[in-house]
Amino acid sequence: MTVNELIRLADEARKRAYSPYSRFAVGAALLTGDGRVFCGCNIESASFSPTCCAERVAIFKAVSEGERNFSAIAVSGGEADGEPLPRCYPCGVCRQVLAEFCGEDMKIYFSDGTETTLGALLPFGFSLEKEKE
Ligand code: THU
């Protein structure tokens with residue numbers, strides 16, 4: 001699985017977004033340590049708060065299938081009828097959920113081919129272990 005393939009899968013997942021309220025469509029492709037890919041799209045609700053982001057759909061799908069070892073995630077987001085933005089950053093909640101299962105070196109790839117790490121996006125994430133230090 002190349003980075004470009006992972007980004008393409010995130011773009012494909014974005015097309016499956018259910019986002020009639022925000023009209024903002026997001027797709028995510030989560031790569032496991034052994035090369036499997038779990039995709040997700042954002043799924044909105046008329047009562048708004050049950051809405052789930054693409055990244056969390058992907059990670060919950062993977063964890064619920066017994067997978068907890070991840071190496072990278074590609075995220076693609078933008079106006080539902082338009083092209084993906086060059087970079088769509090995971091929201092704070094998704095960063096915290098990623099931190100539950102991924103280390104600081106977890107790679108995050110964007111539609112423009114650039115990358116960052118979870119540690120760069122969530123430098124002081126909450127963890128019970130750290131709070132006890
Ligand atoms: N959204 C995601 O899917 N991922 C993010 O990291 C940010 C926001 C979704 C949630 C909502 O359906 C829409 O984008 C607008 O906020």
Side-chain angles (χ1 to χ4, degrees):
M1 176 61 54
T2 66
V3 170
N4 282 343
E5 282 169 344
L6 198 67
I7 292 169
R8 189 186 61 74
L9 288 174
D11 283 332
E12 285 294 311
R14 191 174 96 87
K15 294 179 187 149
R16 299 190 287 273
Y18 177 74
S19 55
Y21 306 105
S22 73
R23 306 294 305 151
F24 193 84
V26 185
L30 179 65
L31 182 64
T32 70
D34 57 4
R36 296 172 74 198
V37 178
F38 290 85
C39 291
C41 61
N42 55 329
I43 303 170
E44 298 187 344
S45 161
S47 58
F48 287 7
S49 66
T51 291
C52 195
C53 291
E55 299 90 324
R56 270 177 291 149
V57 170
I59 203 159
F60 292 158
K61 279 172 68 179
V63 172
S64 66
E65 294 296 323
E67 189 62 65
R68 294 184 187 173
N69 178 21
F70 306 113
S71 61
I73 189 168
V75 182
S76 169
E79 297 295 327
D81 299 325
E83 292 297 308
L85 295 168
R87 285 186 144 211
C88 175
Y89 288 91
C91 77
V93 171
C94 288
R95 295 177 200 193
Q96 183 70 47
V97 171
L98 284 166
E100 190 70 34
F101 300 99
C102 312
E104 294 188 340
D105 56 349
M106 171 79 173
K107 292 261 200 237
I108 297 161
Y109 295 109
F110 301 101
S111 297
D112 64 1
T114 59
E115 65 182 71
T116 187
T117 62
L118 185 58
L121 294 188
L122 190 71
F124 294 101
F126 179 81
S127 103
L128 275 180
E129 277 66 43
K130 281 189 208 148
E131 301 307 315
K132 286 182 204 151
E133 275 171 12

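Just so you know, ligand 1 is whichever comes first in the structure, and atom 1 is the first atom listed for that ligand. If you read the sequence from its start, that first residue is 1, and numbering goes on from there.
For ligand 1, the atoms lying closer than 4.0 Å to a non-hydrogen atom of Ser22 are 13 (C), 15 (C). Within the listing of ligand 1, atoms 3 (O), 9 (C), 11 (C), 12 (O), 13 (C), 14 (O) sit less than 4.0 angstrom from a heavy atom of Asn42. Proximity to Pro90 (heavy-atom distance under 4.0 Å) selects the following atoms of ligand 1: 6 (O).
The cluster map of Ile, Leu, Val, Met, Phe, Trp and Tyr, joined by side-chain heavy atoms under 4.5 Å apart, puts Ile43 and Val93 in different clusters.
For the pair Ser19 and ligand 1, no heavy-atom separation below 4.0 Å is found. Within the structure, ligand 1 has Tyr89 among the residues with a heavy atom less than 4.0 angstrom away.
No donor-acceptor pair closer than 3.5 Å links the side chain of Arg68 to the backbone N or O of Phe101. Using modelled atom types, no side-chain atom of Thr116 and backbone atom of Ile108 make a donor-acceptor pair closer than 3.5 Å.
Ligand 1 has a nitrogen or oxygen under 3.5 angstrom from a nitrogen or oxygen of Ala54. Residue-to-ligand polar distances place Cys91 within reach of ligand 1: an N/O pair is separated by less than 3.5 Å.
Atom 8 (C) of ligand 1 has its closest protein heavy atom at Cys53 SG, 3.9 Å.
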In a table with atom names and distances, give each donor-acceptor pair under 3.5 Å that connects a side chain of residues 49-60 to protein atoms at least two apart or in another chain.
unit_1	atom_1	unit_2	atom_2	d
Thr51	OG1	Ser45	N	3.2
Thr51	OG1	Phe48	O	2.8

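Phe70 approaches Glu67 most closely through the heavy-atom pair CZ-O, 3.4 Å.
When Glu44, Glu55, Arg95, Arg23 are checked for heavy-atom proximity to atom 6 (O) of ligand 1, Glu55 turns out nearest.
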